[in-house]
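Scroll down for the structure; my scribbles are underneath it.
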Amino acid sequence: MNRIGLLNKLWEFQNKFGYISENAIAQIAQKLSVSKIEIEGVVSFYHFFHRQPTGKYLIYLNNSIVSEFKGFQQIKAAFEKETGCTFGSYDENPLFSLFETSCIGLSDQEPAALINFYPFTHLTPEKVKTIIQQLKNGNSLSFISSNPTSKIQYIPADNKTIFFRKYEMGIALKKLKNHTPNEILNLISVANLEGRGGAFFPTAKKWKSCKQSDSVKKYIICNADEGEPGTFKDKSLLNNLPGLIIEGMIVAAYITGATNGFIYLRAEYSYLLEKIENTLREFQTNNLLGNDILGIPKFNFNIQIQVGAGAYVCGEELALIESLEGKRGEPRIKKYFPTEYGYLGYSTIVNNVETFAMASRIIELGTNFISTIGTKESKGTKVLSISGDVAKPGIYEIEWGMTVKEILHLCQATSPYFVQISGPSGICINNTEFDRKICKEDLICGGSIMVFNNFRSITKILENYTQFFKEESCGICTPCRAGNQILHEKIKKIKKGICTAQDLEEIKEWGKIMKLTSRCGLGHFSANTLVMALDKFEGYFNQKIIKANENLNVEFDMEAAVYNYDSLIKDTQ
Amino acid sequence: MKNCSFKIDGRVCTAEKGLNLIEAAKQNGVFIPTLCHFKHLYPLGTCRVCTIKLNGKSAAGCTVHVADGMDIEVNTPELLDTRKAILEMMFVEGNHFCPSCEKSGDCPMQNLGYETGIKYTRFPHLFIDRITDARPKRIVVNQNRCIKCRRCIEEVKTFDGYKVFYSVNKGNKTMVSIDYEQEAKLSELQAAHAMQICPTGSILVKGKSFSKPFGDRLFDAVNEEKMLPVNGLKKHRTTAKKKIVATTSLAGCFGCHMSMLDVDLGILDLFEVIEFNKSPLTDIKNFTKHCDIGLVEGGCCNTHNIEVLREFRKNCDILVSVGECAIWGGLPAMRNTFPLEECLKESYLDSMTSEENETIIPNHEDIPKILNKVYANHEIVKIDHHIPGCPPDANHIWNVVKHILFQEEYSIMHPKYKYD
Ligand SMILES: Cc1cc2nc3c(=O)[nH]c(=O)nc-3n(C[C@H](O)[C@H](O)[C@H](O)COP(=O)(O)O)c2cc1C
Ligand code: SF4
Ligand code: SF4
Ligand code: SF4
Ligand code: FES
C-alpha cells in the first residue's frame, strides 16, 4: 500500500467495520511509515469516516437550506423517533446511526437522505416510519431506495440543444483520427469553452499549458465533487451521459499526451459508481480507452475513479489534488497552476464534469454549430439545477442569455423573492434583477439556482450558508476558519433581535477582510452572499435592526444574560 | 545571483531575484508582520497576517518570491488595518489570557499585537472550550493558544523522521494535535526546540515555563526607543479649571486601581488639575457631579456591574476601559468557556468545603445576579478608549487621561505597551 491509496484503504475499513479503529490507524501508519496522528488527521478531515463504531445503517440527512424549508426538522425528529437514536452521536444502537450532512445533490427532491449511500427522497414522517420498519425487517436497501434521477424539465429547440441530445459511444472520438492534437485544441479554443465549475477559466488555455509542459507524466482529472449546495447538474450529466464526459477526458488526453485520468466522484454520488464503471469498461472493450486508442499508435489513456469521503472543499482543484494524494483536502498555496505542478508534481488538468461534456460536443458538433447558440461572450448552452420554491424543480438546459424571469417562468416559481445564483458561494438577487440575463456579459451562473419565496426567512437562509462554510472550511487559514465563526455570531445577533445598524456595517467590513486575506475560493466567497444580501434586501434588514441609544449600546440582552442564573436558582431551590 | 527591481509602496527596491518577499522587504527596510513564516521552509501561508497586495491583487507576502517589475503594496491604510484584523481574529478565536500565559513576553503573536497597536478586538471573543493536554511526556499542549500556524507540524520530527504534530478535524473544529507515541521519542533538546518555534504559548516544555523574569523576556526590551503615538482619541473640551474624574472597579481585582496609585508622588501633581468624584480612592459612593472622565476597571460579570457601568456612562463625558478585564473580560472571563451552571455548582455545591445539602448557590433579591458570562464593557455601553495591560502602567493610564483632558500630545514607550 502507498500513500495515494490511503482514501481507498480507509474506505475499506469504514465499509467493513463501520468505523476506523485505533488499531486500523496504527496498522496503516506503520505500513506508510508515518505517525498515527498523521493518519488520524486525514481520517478526521472527511466526515464520512468515523472514529467510533456505527450502526449497520448509516443515515445521512441533508441539512441544506432547501431541505430546511421543505421540512428537515420534522424528518429529523421522525428519524430519531423511529430509530431511538440521536443525530450526531455514537449510540450503542447496532442497527442505526444518524448524522446530518451538507447538500447531497438531491435538492429537487428534498427532504432527502442517504442510507448507506442509497438515496431516499421526498421524505415525510410517514415515509421515514416505513423505511425504518422495512430496514428492521431486513429488506434490502437497493430494493427500497428511491430513484435519484433528476427530471430534465427543459431543453432548448433541437437545433439549439447541446447536452441532452442523442449520444452514442465514440461520437466525438471518431473525429480524433483525422485531426492532429493541435487542430482539436484549436476547436476548443475557437468555441471559446470556459470552465463550468464556477471559475470560467478558458479551457483551451489550460489544456495548452498542459500540452506544452515537459512533465514526464500528465494527468487528466474530472472534478465530480459537486458540493455546492443546491447544485446537481453534474450528477445529471454523470447519470445520463457518462460516456460524453469520458470522451471529453479522452479528448483532453489526446491533446496533451496524458496517460492517466481520474474521476473524483463525491461519495454522495456513490450510487452512480456502477454505471460509470460499466461505461468505462465499455470504452475499454471498444478500444476507446487503454492502449493505441482508436488504433492511433501510442495513444494510451486509462481512467480510474476515486471516491471522495465527504468534504466540500475537495472540489477546489488544489485541494482535490491533495485529497487524491491521500492527504487532508487542504488547498495548496497558489504558487503553481496544476498544469505546472499538479498531481504528484506532474502537469495536471482539472476540469468540471460539464466542461468535459461540452468539449466532446464541440468536437462532435463543430464550432459553427456552437457559435450560433448563446450570446456573444457565452457560447452554447448551460446546464442548470433549479430547486426551492418552484413547481418544477430539476434540470434545465438553457441557452446562455436567457433571463432570470424566463427561467422563473419555466420552473413555475411561486412568489420568487430571494434568488440564489451559483449556490451559497455565488450571489443573491432580488426581484428588481429578474430581467438580468444568465451569461458572461451579465449574470454568470455556475449551475445552480435556488428560488425562495417571500415567506422564507432571509436570516435563516444566511445562517444556513454561514453554518455550512463554518463547518466546511478546511481550517488551514485564519480568516476563513475564524471569520465564518465570527460572522455566525453576528447572525445570531440578528436572530435575537439585538442587532444595530453598526452590526450590519461590521458584517460588510469583516466580509471584505475575509475576501482579501483568505487562501482559497471558499474563504473568498463565503461572506459574499451575506454581505450582498444586506444591500439587496435592505428593507428586510431595516426591520430587523434596532436603534442604539447614542451612549448606551442598548442592544445588550439582559434577559438572556441572566436566564441561566435564574433557571439554575429555580432548579436548585 | 541576479538582482531584480520591484516596487514597494511606490518606492523602487532591489533584491536577489526569487527571494522570499518577507526577506526582500526587510533588506529594503520594510517590515511585513509574519507568524507562520519560517524562513527555511516551503511557505506555509496559513496565518495570513502577512497579507499584502501584489500588482493590485491581495496575496500572502510569505508566499511571494520577488521578480522584476512587481508592484507591491504593504503599508496602505487598508492593508495595515487588514493585518491587524487577522491578528484580532486569532485573539478572539483562541483564549489568550496573556497575564497567565507562560509565553507572555516571549510570544511573537503578542508582540505583533503590540506592533500593530491592538488595544481591543473589533470581533467578539468566541470563548470556545479548548483543552490543555498534559498527557505527553515532555510537552504540554495548550489548545487555547494555538493559532494553527503549523510550524510545529513541519519542523518537529523524531530522529527517525516521524511527525509529532498534525492537524485534525476540519472547519471550526480544526486543531493541531500531538502524537503521544512519537512525542515520547523526543529528546529534551528537541522538545525545547518545539517550544521555541511555536509562535504562541501553545507548546510548553514541562518544567521549563516561566523560566525568565519580567524584564528579561524576549520582547520586554525590544524597540526601547520606539514611541507609539496615541491617535484618534476623542478629545474633551471644557473650560473648567479642574477636571472631574470618577473611577470604579467592576469584575476586576483592584490591580488597575493599585496601578493608578503607582505614580507615587505624581498623584499630588495630579490633584492640582483634577478632582475625584465617585471612586474607591475617595470612597464617594454616589455621583455628586457630572464627570469629565470615567475610568472603569473590570468587565461585567453580574447585574450590578451593568448598572454601575450604565450609571458611569450617564455621568461621564468620556468613558475609558482600563485593563484587560474591562477591555474583554480578562482573567474573570476564564469562566466563559464553561456553562455558568458548572461554575456555580463547582464553587458552591460540589467544592471541598461544602457539605451536602448544607450549602446553596447564593441568591437573594439584594444580591446581584450572575451573568451567563463575563462581558466586555464595550458590549454593554459605548466605550471611548481602551488602555491595555494587566494592569496598565501608571504612566500609561495618566498620560491617556491628560491627553484626553488637556490635549497634551502623548505617546507611550513601546515596552510599556503590554497585555500582562
Ligand atoms: C470551495 C470550492 C469548491 C469547488 N467545488 C467545485 C466542484 O464541486 N466542482 C467543480 O467542478 N469545481 C469546483 N470548484 C472549482 C475548481 O477549483 C476548479 O476551478 C474547477 O474544477 C476547474 O474546472 P473548470 O475549469 O472546468 O471549471 C470549487 C472551487 C472552490 C473554491
Ligand atoms: S479559505 Fe478556507 S477553505 Fe480555503 S484554504 Fe483557507 S481555510 Fe481552507
Ligand atoms: S502570551 Fe501569546 S500565547 Fe500567551 S495568551 Fe498572550 S498572545 Fe496568547
Ligand atoms: S502549536 Fe504552536 S507551532 Fe503548532 S500550530 Fe499551534 S501555534 Fe503553531
Ligand atoms: S506569515 Fe504569511 S501567511 Fe503566515
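Every chain is numbered from 1, with letters handed out A, B, ... down the list of sequences.
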Winner by heavy-atom pair count (cut-off under 4.5 Å) against chain B, out of [options]:
| options | answer |
| --- | --- |
| Asn564(A), Ile513(A), Leu516(A) | Leu516(A) |
| Val34(A), Leu522(A), Val562(A), Ile476(A) | Ile476(A) |
| Lys515(A), Glu472(A), Lys512(A), Lys490(A) | Glu472(A) |
| Glu509(A), Glu506(A), Gln485(A), Glu38(A) | Glu38(A) |
| Cys480(A), Ser567(A), Ser518(A), Gly329(A) | Ser518(A) |
| Ser35(A), Gly483(A), Cys474(A) | Ser35(A) |

| query | Does the separation of the ring centres of Phe49(A) and Phe13(A) fall below 6.0 angstrom? | reply |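 Aromatic pair excluded; centres sit 6.0 Å or further apart.
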Chain B contact via [X] - side chain, backbone, both or neither, heavy atoms under 4.5 Å:
| X | result |
| --- | --- |
| Asn484(A) | neither |
| Ala29(A) | neither |
| His488(A) | neither |
| Arg328(A) | side chain |
| Lys36(A) | both |

Is [X] in contact with chain A via its backbone, its side chain, both, or neither, using a 4.5 Å heavy-atom distance?
| X | value |
| --- | --- |
| Lys345(B) | side chain |
| Ile306(B) | side chain |
| Leu126(B) | side chain |
| Arg122(B) | both |
| Tyr180(B) | neither |
| His65(B) | side chain |
| Glu341(B) | both |
| Lys53(B) | side chain |
| Leu319(B) | neither |

| task | Mind running side-chain contact (heavy atoms from CB on, under 4.5 Å) on His378(B) and Ser321(B) for me, showing each step along the way? | result | CA-CA 8 Å; His378(B) 70 87; Ser321(B) 270; 5.9 Å; no
| request: Look at Pro339(B), Cys50(B), Ser167(B) and state which one has the largest set of heavy-atom pairs under 4.5 Å with chain A. | output: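 Winner by heavy-atom pair count: Ser167(B).
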| said: With chain A as the partner, which of Tyr375(B), Tyr166(B), Tyr162(B) has the greatest number of non-hydrogen pairs under 4.5 Å? | reply: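 Option with the greatest count: Tyr166(B).
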| said: Quiz question: by atom type and distance under 3.5 Å, do the side chains of Asp160(B) and Thr158(B) form a donor-acceptor pair? | reply: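 Yes, a side-chain donor-acceptor pair sits under 3.5 Å.
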| task | Please report the shortest heavy-atom distance between Pro124(B) and Val92(B), naming the atom on each side. | result |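 Shortest heavy-atom separation between Pro124(B) and Val92(B) comes out as O-CB, 3.4 Å.
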| request: Would you name the heavy atoms of Pro136(B) and Ile139(B) that are closest together and state the gap between them? | output: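 Taking every non-hydrogen atom into account, CB-O, 3.3 Å.
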Using atom types as modelled and distance alone, determine if a side-chain donor or acceptor of [X] lies under 3.5 Å from a backbone N or O of [Y].
| X | Y | answer |
| --- | --- | --- |
| Glu316(A) | Leu318(A) | yes |
| Asn336(B) | Val374(B) | yes |
| Glu93(B) | Asn172(B) | no |
| Asn20(B) | Cys62(B) | yes |
| Arg313(B) | Lys382(B) | yes |

| Should the pair Phe201(A) and Phe337(A) be assigned to parallel (<30°), tilted (30 to 60°) or perpendicular (>60°) ring geometry? |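 It falls in the tilted class, 30° to 60°.
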| task | Determine the interplanar angle of the Phe99(A) and His50(A) rings, folded into 0 to 90°, and report it as parallel if under 30°, tilted if 30 to 60°, perpendicular if over 60°. | result |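 Tilted, since the angle between the ring planes falls between 30° and 60°.
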| task | Only one of Ile86(B), Val49(B), Thr46(B) passes side-chain contact (heavy atoms from CB on, under 4.5 Å) with Leu35(B); say which it is. | result |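 Answer after filtering Ile86(B), Val49(B), Thr46(B): Val49(B).
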